[in-house]
Amino acid sequence: MKIKSILLSMSMATSALAMAQQPIYLDRTKPIEERVEDALSRMTLEEKVKLCHAQGKFSSAGVPRLGIPEIWMSDGPHGVRAEVNWNDWGYSEWKNDSITAFPALTALAATWNPKMSAIYGKNVGEETRYREKDILLGPGVNIYRTPLNGRNFEYMGEDPYLAGEMVVPYVKELQKNGVAACVKHFALNNQEKWRGNINVILSDRALYEIYLPAFKKAVQEGGAWSIMGAYNQVWNQHCCHNDRLLNKILRDEWGFDGVVVTDWGGAHDTKESALNGLDIEMGSFTNGLTSESDFTFDDYYLGKPYLNMIKRGEVPEKTVDDKARNVLRLIFRTAMNTEKPFGRGASPEHYAAAKEIGDEAIVLLKNNGILPLDPAKYRNILVVGENAVRPLNRGGGSSELKVKDMFSPLEAIRTVFGNGVKYAEGYRSGRPMYGNEDIIPQNILDSLRNQAVEMAKGMDAVIYIGGLNKNAFQDCEASDRHDYNLPWGQDRIIEELVAANPNLVVANISGNAYAMPWVDKVPAVVQSWYLGTMVGPSMADVLSGKVNPSGKLPFSFQKRLEDNGAHAYGVRSYPGVETKAGGNAAADLAGADVNVGKNPEQEYLEDIFVGYRWHDTKKIPALFPFGYGLSYTTFKYGKPVLSASEMSADGELTVTVPVTNTGSVAGKEVVQLYISDEKSSLPRPLKELKGFEKVNLAPGQTRNVAFTVTPEALKFFDDKAHQWVAEPGKFKLLIGSSSTDIRAKSQFELK
């Protein structure tokens, strides 16, 4: 009888379906909001709740009964991560998930070229789509506040304008593939130490002027379809269910219509998650990469506990309707988008894109004339340093990549310079590890150093390729660096190498700034980054002169850690202190090194004066300033011409400056526009970046570079009035090659 009943029900359902009108949510000719409402009207409460939490490590549920597919996510943003098992953090060991490793986002920012950002988004989007992912977990636009932050390599530098201009093309081109950008980590995740619970305190001015603008541009100009909440707290509430961040700012002020996803395990409370703007909770009851639990996916805060709260009337059902609308909208934009392209796996075109970005990212910091190295002249070359051969796609946490190919610097240098290239390890760092590190015995470090120094004697040149790597406590998720100097005795290695051979080129790889106590002794310094698959060819071509370096620093290199604004105020500002009832810990007031306990808290005491803003205002010179980078040619700036000497409150003006390549080789220059407010009712930085353009000039060629200035570029955030203000008065236009190398000046007045 049961079988007959089932068959009868099936027959009736089939007849009803045949008679029913085709659901609107399947009709792509209908407006997306009509489709969302139609699908929502057909769903049960249980189905709506299931949309709001994970069903696997990188997947959240659809509605199988209605033919609405689940969402598949992948870590990024430098490439599509290898397949991870459904219910643990082990890799699935597929044979078809190898990809192109694209340069890290510090490298992308160092190009100072939004065209490179568009190329990046298009190509990484093609690989994400080919792997049938709906969301790429990136790009990251948290501000570079301290050089100790282990995750800075995933972000776009210290300046909100630069980060904002670079993130928009990435998001737009990525999403043309039917893949959602998930811009992260919203917000104020500017260190990894105690990231899970540290409470950040800052002024609204710092929030709106420094830490939010890149996110805002990603949402309003880039049209980002999803945002990832950060692990930390702000104003005593976790970011993944923070009422002010998610409801008031992201939704109400910016008009965001996409999905808010937690960082994995970033939710901590069911009621707050229900009410405060979170849509999908991922990875609860795990600590990220190292442990599992006995809980099922229904046990998440937005699983059964949420369902039961709704049924008991403790939170309105409207909350799940709002979340389901957002998730359905995302599914229609991605998984159910029948017009999206098919994508492509790792291809020659993707390698070429990675190479082009890497070529423009490398920054020449110092050159006494030794560079470029002529392969006809320099035949016997010693390459020293672990990073010349180390696969830097490994480690780093969630950005770890399984590459199809990885062309090392040593391999590429040998291709360019021939068989006379020798190699010495120089130092050793240990295995790529997450959360722990190998301690290399000093006798091994001494032996490797002595061998390299001995081999350097008598060589035509020495190329040192060291720096940082993706080990824990280096450039790695979940831990910050121990200190500002290079690890594993590298400062001593460099000192002894240049003493043994004065033709030393230091070509370090890192995602962070570091101390250079040897900088006055070495003839050349090249700053590379994690350039991915094509790291070797890009470095070799810059060193040999086939490519003229054109990268500019996206963050300042301090001489000392204490010269950084976040470190100028002691542990209260970084890394934070354990709070006590009624005030700060006594050890904090004494400036002691605090072992933070259960309630860490920090205050951004440098306020809006981050990076070059700090160096300018406090008159503390950087070792290498923001926006700095040399070339194998030279550029001359002419006199700027203004379209008007005055600007009305709703007007604009144009400033044009001629730039000439006065050298003998073609080169690219980043022309930078800074604006200075001569008199303000609130303290302001001496200048702020408000425009830049990268121009390619042949020898002797001149181009006029024009910038349009509007009142928006003149505004600061008045936190008492909670509004952006441009005060009438005189403003200076400063145009130059870096934040400290100003080549042309002009002035106008805002009426």
Side-chain angles (χ1 to χ4, degrees), residues 74-82 97-131 133 136-140 153-156 165-179 181 222 340-363 391-393 399 401-409 411-412 415 509 511 528-542 546-552 554 668 670 694 696:
S74 177
D75 273 318
H78 313 133
V80 192
R81 191 178 182 183
D97 58 348
S98 298
I99 49 81
T100 307
F102 291 91
L105 291 190
T106 42
L108 177 60
T111 69
W112 284 64
N113 190 347
K115 293 178 182 176
M116 293 298 103
S117 190
I119 290 171
Y120 198 124
K122 173 183 182 294
N123 284 271
V124 75
E126 288 178 350
E127 296 206 10
T128 311
R129 172 68 192 98
Y130 183 78
R131 290 276 301 280
K133 307 301 180 186
L136 183 68
L137 302 174
F153 71 97
E154 295 189 44
Y155 304 141
M156 297 194 192
E165 290 297 297
M166 295 300 290
V167 74
V168 169
Y170 182 117
V171 170
K172 285 183 174 179
E173 293 299 319
L174 172 70
Q175 293 186 166
K176 286 179 182 178
N177 290 277
V179 174
K340 61 190 175 186
F342 291 108
R344 293 186 294 174
S347 69
E349 291 80 6
H350 294 164
Y351 286 13
K355 172 69 163 56
E356 185 178 9
I357 296 163
D359 288 353
E360 290 206 14
I362 294 173
V363 183
L392 292 170
N393 57 300
S399 66
L401 295 172
K402 178 182 177 181
V403 296
K404 182 179 179 182
D405 296 295
M406 198 77 174
F407 302 103
S408 73
E411 177 186 1
T415 299
I509 296 173
S528 186
W529 318 95
Y530 302 112
L531 299 182
T533 289
M534 301 301 288
V535 57
S538 284
M539 290 185 70
D541 283 353
V542 166
K546 184 177 180 180
V547 168
N548 190 348
S550 63
K552 300 280 187 175
K668 297 176 181 177
V670 179
K694 196 165 197 174
N696 190 7

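- Between V547 and S538 there is no side-chain heavy-atom pair separated by less than 4.5 Å.
- For D405, the side-chain hydrogen bond (donor to acceptor under 3.5 Å, both in side chains) partners two or more places apart in sequence, or in a different chain, are Y351.
- Legend: residues meeting side-chain hydrogen bond (donor to acceptor under 3.5 Å, both in side chains) with N393, ordered by chain and number and at least two apart, are absent.
- Residues P77 and E154 approach most closely at CD-OE1, 4.2 Å, considering heavy atoms.
- For W529, the ring pair (Phe, Tyr, Trp, His ring centres under 6.0 Å) partners are F555, not counting sequence neighbours.
- Sorted by first and then second residue, the pairs that involve residues 345-354 and meet salt bridge (charged side-chain N to carboxylate O under 4.0 Å, His left out), not counting sequence neighbours, are R344-E349.
- A distance of 10.5 Å separates CD1 of I119 from CZ of F102, quoted to the nearest 0.5 Å.
- Evaluation of the side-chain hydrogen bond (donor to acceptor under 3.5 Å, both in side chains) rule for Y170 yields no partner, not counting sequence neighbours.
- Side-chain atoms of R129 come within 3.5 Å of backbone atoms of P341 as a donor-acceptor pair (strictly under, hydrogens ignored).
- The backbone N or O of R81 sits less than 3.5 Å from a side-chain atom of R131, completing a donor-acceptor pair.
- At a threshold of 4.5 Å between non-hydrogen side-chain atoms, the residues E173 and Y120 do not count as touching.
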(request) Determine, step by step, whether K668 and N696 satisfy the side chain to side chain contact (heavy atoms under 4.5 Å, CB included) criterion, reporting the C-alpha distance in whole Å, the side-chain angles of both residues, the deciding distance to 0.1 Å, and the verdict. (result) CA-CA 4 Å; K668 297 176 181 177; N696 190 7; 3.7 Å; yes
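- Taking each heavy atom of V535 and P409 in turn, the nearest pair found is CG1-CD, 4.2 Å.
- No side-chain donor-acceptor contact under 3.5 Å links W112 to the backbone of V670.
- Interatomic distance, I362 CD1 to I509 CD1, rounded to the nearest 0.5 Å: 8.5 Å.
- Side chains of T128 and N177 form no contact here, defined as non-hydrogen atoms less than 4.5 Å apart.
- Here the straight-line distance linking atom CG of L136 with atom NE2 of H78 works out to 10.0 Å at 0.5 Å rounding.
- Looking at heavy atoms from C-beta onward, S399 lies out of side-chain contact with Y530 at the 4.5 angstrom threshold.
- Under the 3.5 Å distance criterion, the side-chain polar atoms of E127 are matched with a main-chain donor or acceptor of T100.
- Taking all atoms of both residues into account, the shortest heavy-atom contact from L531 to A107 is CD2-CB, 3.7 Å.
- Among the candidates T533, V124, N123, the single residue satisfying the side-chain contact (heavy atoms from CB on, under 4.5 Å) test with H350 is N123.
- The two residues P103 and G358 have their closest heavy-atom pair at CG-N, 4.1 Å.
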(request) Evaluate the side chain to side chain contact (heavy atoms under 4.5 Å, CB included) criterion for residues V542 and M539: first the C-alpha distance (whole Å), next the side-chain angles of each, then the deciding distance (0.1 Å), finally the verdict. (result) CA-CA 5 Å; V542 166; M539 290 185 70; 6.0 Å; no
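- Taking each heavy atom of V80 and S74 in turn, the nearest pair found is CG1-OG, 3.3 Å.
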(request) Before giving the answer on side chain to side chain contact (heavy atoms under 4.5 Å, CB included), spell out for K355 and D541 the whole-Å C-alpha distance, their side-chain angles and the decisive distance to 0.1 Å. (result) CA-CA 10 Å; K355 172 69 163 56; D541 283 353; 2.8 Å; yes
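- When atom types are taken as modelled, the side chain of T111 and the backbone of L108 share a donor-acceptor pair closer than 3.5 angstrom.
- Taking each heavy atom of M534 and A354 in turn, the nearest pair found is CG-CB, 4.1 Å.
- Judged purely by atom type and a 3.5 angstrom limit, T415 uses its side chain to pair as donor or acceptor with the backbone of E411.
- Partners of E165 by side-chain hydrogen bond (donor to acceptor under 3.5 Å, both in side chains), not counting sequence neighbours, listed by chain and number: K217.
- Once rounded to the nearest 0.5 Å, the distance linking OG1 of T106 with OH of Y155 reads 11.5 Å.
- Taking CE of M116 as the reference point, atom CD of E360 lies at 4.5 Å (rounded to 0.5 Å).
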